[in-house]
Amino acid sequence: MADEEYEPTIENIINSDKLKWIFVGGKGGVGKTTTSCSVAIQLSKVKESVLLISTDPAHNLSDAFGQKFTKSPTLVEGFTNLFAMEIDPTPDQLAPEFMETQSDGFNLQEFTAAIPGIDEAMSFAEVMKLVKSLEFSVVVFDTAPTGHTLRLLSIPSLLDKGINKFLSMQQNFSGIFNAVSGMMGGNAPSLENMEGKIQSTKKIIEEINVQFKNPDLTTFIPVCIPEFLSVYETERLIQQLTKLDIDVHNVVVNQIVYPEKDCNLCNARQKMQKKYLDQIADLYFDFHVTKLPLLKAEVRGVPSLKLFSELLIKPYDPSTPLVLPNQENI
């Protein structure tokens with residue numbers, strides 16, 4: 001394929017009629033939150049409803065928009081169809097809202113606590129059940145740094161295998177549970193109740209697992225900066241995403257230096273960055289690579305984010321520098 005077929009924008013994502021799940025991630029400090037907010041803003045122009053979720057425990061969405069978000073979808077000020085929420089996919093004993101306790105006293109989180117990694121998986125499953133019930137047109141994930149994100153994306157497969165294993169062994173547990181129930185006067189949770197809860201979760205997980213591996217429904221946008229560690233981690237991330245059968249056809253390169261006038265430091269940084277920009281061009285010649293500039297001010301607040309988000313669909317022209325509303329005579 002010719003290089004010109006891959007526009008340096010995210011138009012392919014914005015114009016997709018089928019995409020449901022969009023993940024934005026990369027190494028810490030590369031501008032994932034700014035990018036995910038910008039992607040969500042552009043999507044809000046063409047979609048009926050957009051949900052932006054932060055799964056990063058640091059939760060920077062509130063800082064980016066200048067508005068407090070919680071574990072429930074909240075309308076972003078200045079929009080009519082863009083909502084945001086901040087959740088922690090790692091279970092918190094003080095935050096049981098994602099873990100239901102049945103009327104018979106059966107708590108699935110407590111039951112699965114002894115299985116390594118399954119608590120995080122169950123918590124993520126409950127979050128996804130909540131998101132699916134809200135029926136947004138598209139969901140954008142502002143993810144945690146790379147390692148956490150890869151674990152998060154592997155959760156549906158992990159949980160699917162774990163549940164299948166449990167269900168295949170359920171007959172071995174029936175006698176034990178009946179005996180315990182008898183000893184407790186019938187107040188212990190029944191195996192049937194447990195199986196019903198697990199089966200309902202299994203159905204959601206199977207559907208999510210299929211959707212995450214469907215390139216028409218799910219894609220991942222790695223964000224990096226033109227420096228060695230970031231480029232190295234981005235390549236590792238893309239390789240791991242490929243192993244997980246998760247689509248990735250876009251890369252955002254952030255914080256590119258475009259020197260103005262005489263600036264020895266800027267020129268030195270530009271020279272250093274050029275080496276890695278060349279590497280990115282070689283590695284991702286068949287990707288949509290979007291380049292974003294390092295600006296003089298932070299991209300914070302809706303007005304600044306709206307301006308910055310335009311660079312995702314219209315390549316940046318350094319001859320006409322972008323000036324943000326919060327840029328005060330810098």
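Numbering of residues begins at 1 and proceeds along the displayed sequence.
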Between [X] and [Y], is the gap from one ring center to the other below 6.0 Å?
{"X": "F136", "Y": "F83", "value": "yes"}
{"X": "F220", "Y": "F141", "value": "no"}
{"X": "Y316", "Y": "Y258", "value": "yes"}

Hey, does [Y] have a side-chain heavy atom less than 4.5 Å from the side chain of [X]?
{"X": "Y284", "Y": "T234", "result": "yes"}
{"X": "V24", "Y": "V140", "result": "yes"}
{"X": "F79", "Y": "K306", "result": "yes"}
{"X": "T219", "Y": "F23", "result": "no"}
{"X": "L277", "Y": "V253", "result": "yes"}
{"X": "L324", "Y": "L295", "result": "yes"}
{"X": "T9", "Y": "P315", "result": "yes"}
{"X": "I256", "Y": "Q273", "result": "yes"}

Could you tell me whether D262 atom CG has more than 12 heavy atoms of other residues or ligands within 6.0 Å of it?
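Counting neighbours around CG of D262, 12 or fewer heavy atoms of other residues, nucleotides or ligands fall under 6.0 Å, so no.
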
Can you confirm whether D17 is buried at CG, in the sense that more than 12 heavy atoms of other residues, nucleotides or ligands lie under 6.0 Å from that atom?
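Count not over threshold, so no.
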
Using links of under 4.5 Å between side-chain heavy atoms of ILVMFWY residues, direct or through other members, which residues join L294 in one cluster?
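Its cluster mates, by chain and number, are V257.
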
Quick one: does H288's side chain have a donor or acceptor within less than 3.5 Å of a partner on I10's backbone?
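Pair absent, no side-chain N/O of H288 close to backbone of I10.
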
Partner residues of R300 under the side chain to side chain donor-acceptor pair (under 3.5 Å) criterion, sequence neighbours left out
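Testing R300 for side chain to side chain donor-acceptor pair (under 3.5 Å), a comparison that skips the adjacent residues, returns none.
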
Taking side chain to side chain donor-acceptor pair (under 3.5 Å) as the test, write out the residues that go with N250, two or more places apart.
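So N250 forms a side chain to side chain donor-acceptor pair (under 3.5 Å) with N12.
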
Going by the rule side chain to side chain contact (heavy atoms under 4.5 Å, CB included), which residues pair with [X] if we only count those two or more places apart in sequence or in a different chain?
{"X": "S137", "answer": "K47, E48, S49"}
{"X": "S62", "answer": "K68, F69, E86"}
{"X": "S309", "answer": "S38, I41, Q42"}
{"X": "P215", "answer": "D247"}

Would you mind checking if E227 and R269 are paired as a salt bridge, meaning a charged N to carboxylate O distance below 4.0 Å?
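Answer for the salt bridge query: yes.
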
Hydrophobic cluster membership, [X] vs [Y], 4.5 Å side-chain cutoff:
{"X": "V252", "Y": "L229", "value": "yes"}
{"X": "L217", "Y": "I53", "value": "no"}
{"X": "V139", "Y": "V210", "value": "no"}

Which pairs, with at least one residue in residues 241-316 and sequence neighbours excluded, count as a disulfide (SG to SG under 2.5 Å)?
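Sorted pair list: C263-C266.
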
Between CG on residue L283 and CD on residue E235, distance to nearest 0.5 Å
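L283 CG to E235 CD: 5.0 Å, rounded to 0.5 Å.
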
F308/L322 under side-chain contact (heavy atoms from CB on, under 4.5 Å): CA gap, chis, key distance, verdict
CA-CA 8 Å; F308 191 75; L322 178 65; 4.2 Å; yes

With [X] via salt bridge (charged side-chain N to carboxylate O under 4.0 Å, His left out) - residues at least two apart:
{"X": "D245", "answer": "none"}
{"X": "E310", "answer": "K45"}
{"X": "K271", "answer": "none"}
{"X": "E11", "answer": "none"}

Closest contact, heavy atoms only, G25 versus T143
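That closest heavy-atom pairing would be CA-OG1, 3.2 Å.
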
